[in-house]
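Sequence positions, counted from 1, serve as the residue numbers for this chain. Here the structure is a predicted model, which means the values were calculated and not measured. Both ligands and their constituent atoms are indexed starting at 1 by order of listing.
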Amino acid sequence: MERTVLHSDMNNFFASVECLSRPEIRFKPVIVCGKTEDRHGIVLAKNNVAKRLGVSTGEPIKQADKKCGGAVKINPDFDKYVLYSKIAGEIYNEYTDQVESFGIDECWLEISGGSKFGEAAANDIRRRIKKETGLTVSIGVSFTKTFAKLCSDLKKPDAVTSVRRSDFREKIWPLPCNALLGVGDVTNRKLNSLYIHTIGDLAQSQPSFLSSRLGKNGKQLWAYANGYDTSPISYFGESIPLKSISNGMTIGNDLYANEQIRAMVGILADGAAMKLRSQNAVCKTVGVNFRTTDLNYIQRQIRLDSYTDISSVITKAAYDIYKQSFPEPHIFRSLTVRLSDLVPKSRVYSQTDLFGFEENLTRAGQLDCAVDEIRNKFGTDSVIRGSALCLNCQNIGRKIP
Ligand SMILES: [Mg+2]
């Protein structure tokens, strides 16, 4: 039996919620953005009026101001968005218990075997959300998650678009590669340089050629383009199995120099962050357990401002704990870095957009991905932090599980 997957995307979500609570601004350009006072923030969301004036999500406020100086600027009110997201979630839940969120305003629904055809159910949901919340959604209907997501982007706002197995080559293959989930700017440029411009080009490439150029991502994108995505949709509220991630080490030769401890903390934090990313999770609390030579335990932790899986952020937090806990040099028998308050990355996708989606973080994330890929291929100690070199620490690197 053919699968039926829906992907529902709330249109201009943050800006639409703001316009609902202040109807008088509906016909003005509206921009939701952080840090309005120093104009250093970025555009997190915009309504259609601002969109028509050329404003795009992620651009600096300064730049958006040039396009529509008179725009209404609003700081994000996350609690309010969560509330609307929950109401929509309850409606989705009446159709299936397999509802997997992808950020605060998007989710997949598995409705295979349901009593209604895909389009009929999608239109039902679309009308109900509009009636019960005042917000509009775009829904894609297809037989894989990737195609359903792509379809929800094709017609906006307040629309349903479907693609079946019988017509996906005709409807999806002519589209540019970056319409596909998983093809960002970097991958798109790489594909174009290989003369792969459309999803059809991608589908008809040799998977072995793609993986030689793009790593394991290459083969996955090829499968997506051919409609071979069989990834399941998780159940509503499903949580990740792990509660915390630890990375620790007993120290043979007692370390005491400040920079050696610092380096060790950095290596452990980096390894823990890598484990975290392999679980597709993010953390909000970073802790370090120190065991001193007299076998006393000292545990300290820091709660971060926002969820993260970025190595440099986690490492800095661990350094800070060390610095604050031991202003004077100290001798340790063992060190453990512990990450807790874990949630699936998909659930806080938009939350990180809101509170930390600065360009340097995106770059840091890309760097982490590249390092993970090299380490998976060539071993954990194929890439080590510069600060770790002071430890003469090839051996230490090798002990990291
Ligand atoms: Mg949206």
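- Looking at D320 and K316, a side-chain N of the basic residue comes within less than 4.0 Å of a carboxylate O on the acidic one, giving a salt bridge.
- Checked against the 6.0 Å centroid threshold, F290 and F326 count as a close aromatic pair.
- With 2.8 Å as the limit, D105 counts as an N, O or S neighbour of the Mg ion (ligand 1).
- The distance between the ring centers of F147 and F143 falls below 6.0 angstrom.
- Not a single N/O/S atom of N12, whether from backbone or side chain, sits less than 2.8 Å from the Mg ion (ligand 1).
- Our summary of the site lists the angle at the Mg ion (ligand 1) between OD1 of D9 and O of M10 as 90°, to the nearest 10 degrees.
- The number of heavy-atom neighbours closer than 6.0 Å to NZ of K67, taken from other residues, nucleotides and ligands shown, is above 12.
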